[in-house]
Amino acid sequence: MLLCWHKIEGSVRSGMLDLKKFKIGLRTLKTGISVFLCMLIFTIFDRGTPIVATLTAVFALREDMNNTLKFGRHRIVGNTFGAIFAVVVILLYEWVGNIVLVQLVGIPLLIMIMITFCVATGHSEGVVGACGTFLTIIFMIPENESFGYALQRVVDTFIGTGIALGVNHFIRPKKARASSIE
């Protein structure tokens with residue numbers, strides 16, 4: 001019985017917080033700064049909720065500029081697909097008139113088609129962003145807006161990606177800065 005308790009106690013300990021690993025690294029710091037800048041820009045320019053821009057900044061920001069550019073591109077393409085497919089749902093709402101039917105049948109079908117588009121165009125890393133943007137637009141769109149709202153969410157993607165790129169460019173490890181000067 002004592003041996004069994006020791007195994008349970010050891011597994012509980014292994015899941016506990018290891019204070020030696022509790023540190024804020026450079027990428028974490030850059031992510032926080034990127035989210036802050038997105039929120040600040042949205043506050044200053046009264047752009048509404050910064051959800052798409054902040055998520056884009058978090059997903060796009062990587063350990064170096066090359067990966068940030070790559071993931072930023074996938075995020076922009078994915079979010080653009082998400083906005084385009086959201087416009088299709090908006091058109092279906094107007095055409096069919098039955099929002100519940102469109103939501104229960106059309107949205108899952110369009111999600112599958114949208115994922116297929118992302119994969120077929122070589123942007124599989126943009127699938128999560130595409131789905132997130134699509135669902136955010138569909139379920140959060142104000143009643144009096146439609147196409148403009150979808151377009152603004154694509155603009156938000158560019159804002160988030162641009163901020164991630166800027167932060168990644170200006171905040172680099174000392175080694176990376178020294179090699180770029182040479």
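The structure displayed is predicted, hence computed values, not measured ones.
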For [X], does the [atom1] atom have more than 12 heavy-atom neighbours from other residues, nucleotides or ligands under 6.0 Å away?
X    : atom1 : result
I44  : CD1   : yes
Y93  : OH    : yes
F139 : CZ    : yes

Taking every non-hydrogen atom, the tightest pair across [X] and [Y]:
X    : Y    : result
C38  : T54  : CB-CG2, 3.7 Å
L61  : S34  : CD1-OG, 3.3 Å
H123 : T121 : ND1-O, 3.0 Å
G72  : A60  : CA-CB, 3.9 Å
N79  : G129 : OD1-O, 3.0 Å
K30  : E63  : NZ-O, 4.1 Å

Answer with yes or no whether the hydrophobic clustering places [X] together with [Y]; edges join I, L, V, M, F, W, Y residues whose side-chain heavy atoms lie under 4.5 Å apart.
X    : Y    : value
L135 : I137 : no
F158 : V155 : no
V87  : V105 : no
V96  : I138 : yes
V167 : I41  : yes

Practice item. Only counting residues at least two apart or in another chain, list the ones meeting side chain to side chain donor-acceptor pair (under 3.5 Å) with T68. Key: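 T68 satisfies side chain to side chain donor-acceptor pair (under 3.5 Å) with N168 once adjacent residues are dropped.
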A side-chain contact here means heavy atoms from C-beta on lying under 4.5 Å apart; do [X] and [Y] qualify?
X    : Y    : value
I163 : V35  : no
F42  : T49  : no
H74  : V127 : no
F22  : D18  : no
L26  : P173 : yes
Y149 : I90  : no
D156 : T56  : no
F85  : I111 : no

Say you draw a straight line from [atom1] of [X] to [atom2] of [Y]; how long is it, rounded to the nearest 0.5 Å?
X    : Y    : atom1 : atom2 : value
F81  : I113 : CZ    : CD1   : 12.5 Å
H169 : D64  : NE2   : CG    : 14.0 Å
R27  : I171 : CZ    : CD1   : 14.0 Å
I107 : L92  : CD1   : CG    : 9.5 Å
L40  : F45  : CG    : CZ    : 9.0 Å
I76  : T157 : CD1   : OG1   : 7.0 Å

Point to revise | Under-4.0 Å salt bridge between E125 and K70 | key: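 A salt bridge links E125 with K70.
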Practice item. Report yes or no: is the cationic atom of R75 (NZ for Lys, CZ for Arg) closer than 6.0 Å to the six-membered ring centre of F59, at no more than 45° off its axis? Key: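 Here R75 fails the 6.0 Å and 45° test against F59.
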Practice item. Take C131 and I115 through the test side-chain contact (heavy atoms from CB on, under 4.5 Å) and record every step on the way to the result. Key: CA-CA 8 Å; C131 293; I115 291 170; 4.0 Å; yes
